[in-house]
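For reference, the structure discussed in these notes is given below.
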There are 2 protein chains.
Amino acid sequence: MSRNVSVVSRTRTDTRERVLTAGLRLFTRHGYFNTTTHDIARESRVSIGAIYHHFRDKEGIARGVYTMLLERMVDIIQDIHRLHSSTHDRCRALMAVLFKLAEEEPEAMEFMLHAKHREFLPTETPVCSSKPFAMMRDFVREGAQRGEIRAIDPMVASVSLFGGAIRMIIARLDGVVERALPEYLDEVWACGWRAVAP
Amino acid sequence: MSRNVSVVSRTRTDTRERVLTAGLRLFTRHGYFNTTTHDIARESRVSIGAIYHHFRDKEGIARGVYTMLLERMVDIIQDIHRLHSSTHDRCRALMAVLFKLAEEEPEAMEFMLHAKHREFLPTETPVCSSKPFAMMRDFVREGAQRGEIRAIDPMVASVSLFGGAIRMIIARLDGVVERALPEYLDEVWACGWRAVAP
DNA sequence: TTGATGAGAACGAATGCTCGTTCTAGTATA
DNA sequence: TATACTAGAACGAGCATTCGTTCTCATCAA
């Protein structure tokens, strides 16, 4: 529509986004409870008043960060679903993306994987029952139906296929792994696939 | 006001232990930052003053809980090492113990695995570079040297063998898995071993 | 036995500070 | 003008920690 409206909404979402970005960085780096709203104001260069104009409370910021990341993740997984047809290719592409993301946006990864959200987002479901994880399990379940992976408990198949990768990411984020994750992709994938291949 | 009229007077280590037990329960159930020292006092039936007599500060309690659990874990792993000689048997025994522990002492498991200690124990190393995890990796490394598992990066082998089990435990603690973990042991183990067997 | 002594342990009200939130005043945009 | 947004000072509830006091008990002298 008119240019003016778009300008306003851009500034508006811009402020929101700055707060979310600062929140993500600070929450990840120091933890939710070691981050004050004033820290976020300073880091985002948005005033306290503006923050409370956009978010109900501190928890609202965390919730905003969390859903932003989850939605992004869901998009990525849907793309993968669209782009590949076999279970093997889908899961492998997913693992590759996870490794890449962990290197490019370690803070986002850490926030999604490592943070124990229930401690400060009591109403959210735990990460591993969140949508992205459920979609991951759906990949596997479908694969089992099609006979592309062995007929075992779907949950077991899912953690066996991706568990190694996720532990690897966590280890990397904790500084226990030295080389970049994509360098390990082939080996980790081979192990995961062996675990569930028919 | 007569208090502590019990026949057997409380011993020093008894008080300490009560605080640690209460701390473990509350930290796990509500999180470190949602637990006040007064909550711990109430739960442990130890006065605030007594708590501060035994621990330097709140963080000291958390550190106490953490090291208590790690030490217990190290003992368990050493026992396993003594009792079994092959890599296969050792790792399988370890997985069985982890599943059993997760059912019997979910709070202890959760504290060790799930809590992001660095948020409130800034000086501690992250869990996955702690002694128990290192010992787990040593099992695997030794297995690779002996040719009992494939010649792949030891870190990759380790996360591939145990990653599924650990994810399974986390899922179980989060309420995503319905049946008791030991029921899944055979399947999870088979998957893990397939991933790294020569 | 009785009583005195001291040290470690336990007590909990009081303190003081931190930090999430509110409020009033101000500026830009439509 | 009205609406949307921003600013940052001020507030006050909540919480970790302190500290002066009390309790318990082993030891030993008388």
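The chains referred to below are lettered A, B, ... by the order of the sequence lines, with proteins before strands, and numbering in each begins at 1.
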- Message: Whole angstroms only, please: what is the CD-P distance between A:Glu17 and D:dC5?
- Response: 15 Å
- Between D:dT6, C:dC11, D:dA16, which one does the side chain of B:Thr37 approach most closely? D:dA16
- Which nucleotide in the set D:dA16, C:dT21, D:dA7 lies at the smallest distance from any side-chain heavy atom of B:His38? D:dA16
- A:Arg56 CZ to C:dT22 C1', in whole Å, measures 15 Å
- Message: Looking at D:dA4, I'd like to know if its phosphate oxygens (OP1 or OP2) sit under 4.0 Å from a side-chain N or O belonging to A:His54.
- Response: no
- Query: Considering only side-chain heavy atoms of B:Ile48, which listed nucleotide, C:dA13, C:dA9, C:dT22, is closest?
  - Reply: C:dA13
- Proximity to the side chain of B:Thr15 - top-ranked nucleotide from D:dT6, C:dT21, C:dA10: C:dA10
- Item | Pair B:Glu43 + B:Arg18, salt bridge at N-O below 4.0 Å | no
- Message: Measure CZ/A:Arg16 against P/D:dC5 and give the value in whole Å, please.
- Response: 12 Å
- Item | Between P of C:dC23 and NE2 of A:His53, the distance in whole Å | 16 Å
- Message: Would B:Ile51 and B:Lys58 count as a side-chain contact (heavy atoms from CB on, under 4.5 Å) here? Give the steps.
- Response: CA-CA 9 Å; B:Ile51 289 181; B:Lys58 187 183 173 186; over 6 Å; no
- Is the shortest distance from a Lys or Arg side-chain nitrogen in B:Arg92 or B:Asp186 to a carboxylate oxygen in the other one below 4.0 Å? yes
- Query: Parallel, tilted or perpendicular for A:Tyr32 and A:Phe120, by the 30°/60° rule?
  - Reply: parallel
- Quickly work out the B:Phe33 CZ to C:dT18 P distance and round it to whole Å. 16 Å
- Item | Whole angstrom value for the distance that separates P of C:dA13 from CZ of B:Arg42 | 13 Å
- Task: Run the salt-bridge test on A:Glu103 and A:Arg179 with the 4.0 Å N-O cut-off and return the result as yes or no.
- Result: no
- Spacing of B:Ile40 atom CD1 relative to D:dA16 atom P, expressed in whole Å: 8 Å
- To the nearest angstrom, how far is B:Phe55 atom CZ from D:dT17 atom P? 13 Å
- Task: Return the 5'-most residue of the pair A:Gly49, A:Thr36 with respect to DNA chain C, ranking by each residue's nearest nucleotide.
- Result: A:Thr36
- What nucleotide, of D:dA16, C:dG20, C:dC11, holds the atom closest to the side chain of A:Lys58? C:dG20
- Message: At less than 4.0 Å, is any side-chain N or O atom of B:Ser47 found next to OP1 or OP2 of C:dA10? Yes or no.
- Response: no
